[in-house]
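We count ligands from 1, going down the list as the structure has it; atoms in each ligand are counted the same way. Quick note: residue numbers are just sequence positions, from 1. These numbers come from a predicted model, not from an experiment.
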Amino acid sequence: MPAQLTPAALARQFALEVSAGLIKPGQKELPSKYLYDSVGSALFEVICALPEYGLTRAEERLLQLHAKEIVDQLPRPVVVAELGSGTGRKTRLLLEALSRWQSTWYHPIEISPSALAVLRRELRDINSISIVGFEREYLDGLREVAARRALGEHLLVLFLGSTIGNFDGAAGSDFLRGLREILQPGDSLLLGTDMLKSVHTLISAYDDPIGVTAAFNLNLLARINRELGADFNLQQFTHHAIFNEETRSVEMHLRSRTRQNVAIPAASISAHFDKDETIWTESSHKYSQDELVGLAQHGGFRRQAQWMDRSWGFADNLWIAK
Ligand code: AVJ
């Protein structure tokens, strides 16, 4: 894989972000992207199989039904970049549909090296596909892809799974604008968005009864222990999922059972926790149709088409850069 950061640079970055999030006054937080080391990625796969977490299956249904139709709406030739590629099960449906028309460059952009490795193995067999991955932050990787494209080639950016929902507040909208700046008019974005639904359904999806999501969340502390030499006692933290009505986001938190201090040597800090204090580890924003209209407009995109799975409440949106 070309263009990756060195392991030492990644470790330094992780330590910096952990220390910034845990020593700041007020709500402690950790970036949700760090949930996906090899253990976290494996646990996320299990989450996707849980009956309570319908999101991934909904998008798979959409792509199974409509991949051909989606591909038909794209300008060709097209180069495909994917932000946060996951295992490639959904991507395969699109790449197979595309490869009937053209040989395709596919550039997964993903900070988890284990996820990239899985993906390469998973998609290798598709006809006339060339895979070149980038172990980079999303927009850094996308800039590299955009810089390498040939004249006359259009870009299709896949941002599936409602990962956009992990940006909280204005960050999602800012991110889409940043992404648009890298694109040229006529390039396209296929954006997966989980739609607003009942609070009961949402909480069950993020606080499942057998505790897989709890393990996924707690693994972040275990990862900090493994990689930064910290001494988090995982028995002393519990998983919580709440729906924030104001921001329309499910939030995952880790709550400290007691007053405690945790040393994180590689980040050069000792973090203090009050009893019941939480670390906010993830937001998963849920969308309304009106909000999508506003986001596209603000971002500089024309809404070309939308495919909706009504049984769960999930949309794949095809937007074209204006
Ligand atoms: C992969 C970011 C879409 O927010 O629903 C699943 C991650 N977190 N359960 C989501 C997740 C808890 C997931 N995304």
*Are more than 12 heavy atoms from other residues, nucleotides or ligands located less than 6.0 Å from atom CH2 of Trp105?*
no

*Answer yes or no: is there an ion pair linking Arg177 with Asp174, defined by an N-O contact shorter than 4.0 Å?*
no

*asked:* What I want to find out is whether Arg76 reaches Glu153 closely enough, with some N-O distance under 4.0 Å, to be called a salt bridge.
replied: no

Run the side-chain donor-acceptor check on residues 157-167: report pairs under 3.5 Å with partners two or more places apart or on a different chain.
| from | atom 1 | to | atom 2 | distance (Å) |
| --- | --- | --- | --- | --- |
| Ser162 | OG | Asp194 | N | 2.9 |
| Thr163 | OG1 | Leu160 | O | 3.3 |
| Asn166 | ND2 | Ser283 | O | 2.9 |

Return a table of N or O atom pairs, ligand 1 on one side and protein on the other, at distances under 3.5 Å, rounded to 0.1 Å.
| from | atom 1 | to | atom 2 | distance (Å) |
| --- | --- | --- | --- | --- |
| ligand 1 | 4 (O) | Asn166 | ND2 | 3.4 |
| ligand 1 | 4 (O) | Ser284 | OG | 2.3 |
| ligand 1 | 5 (O) | Tyr53 | OH | 2.5 |
| ligand 1 | 5 (O) | Tyr206 | OH | 2.5 |
| ligand 1 | 8 (N) | Glu282 | OE1 | 2.6 |
| ligand 1 | 8 (N) | Glu282 | OE2 | 3.3 |

*Output every pair passing side chain to side chain donor-acceptor pair (under 3.5 Å) with a member in residues 123-133, not counting sequence neighbours, ordered by first then second residue.*
Arg92-Asp125

*Partners of Asp208 by salt bridge (Lys or Arg N to Asp or Glu O under 4.0 Å), sequence neighbours excluded?*
none

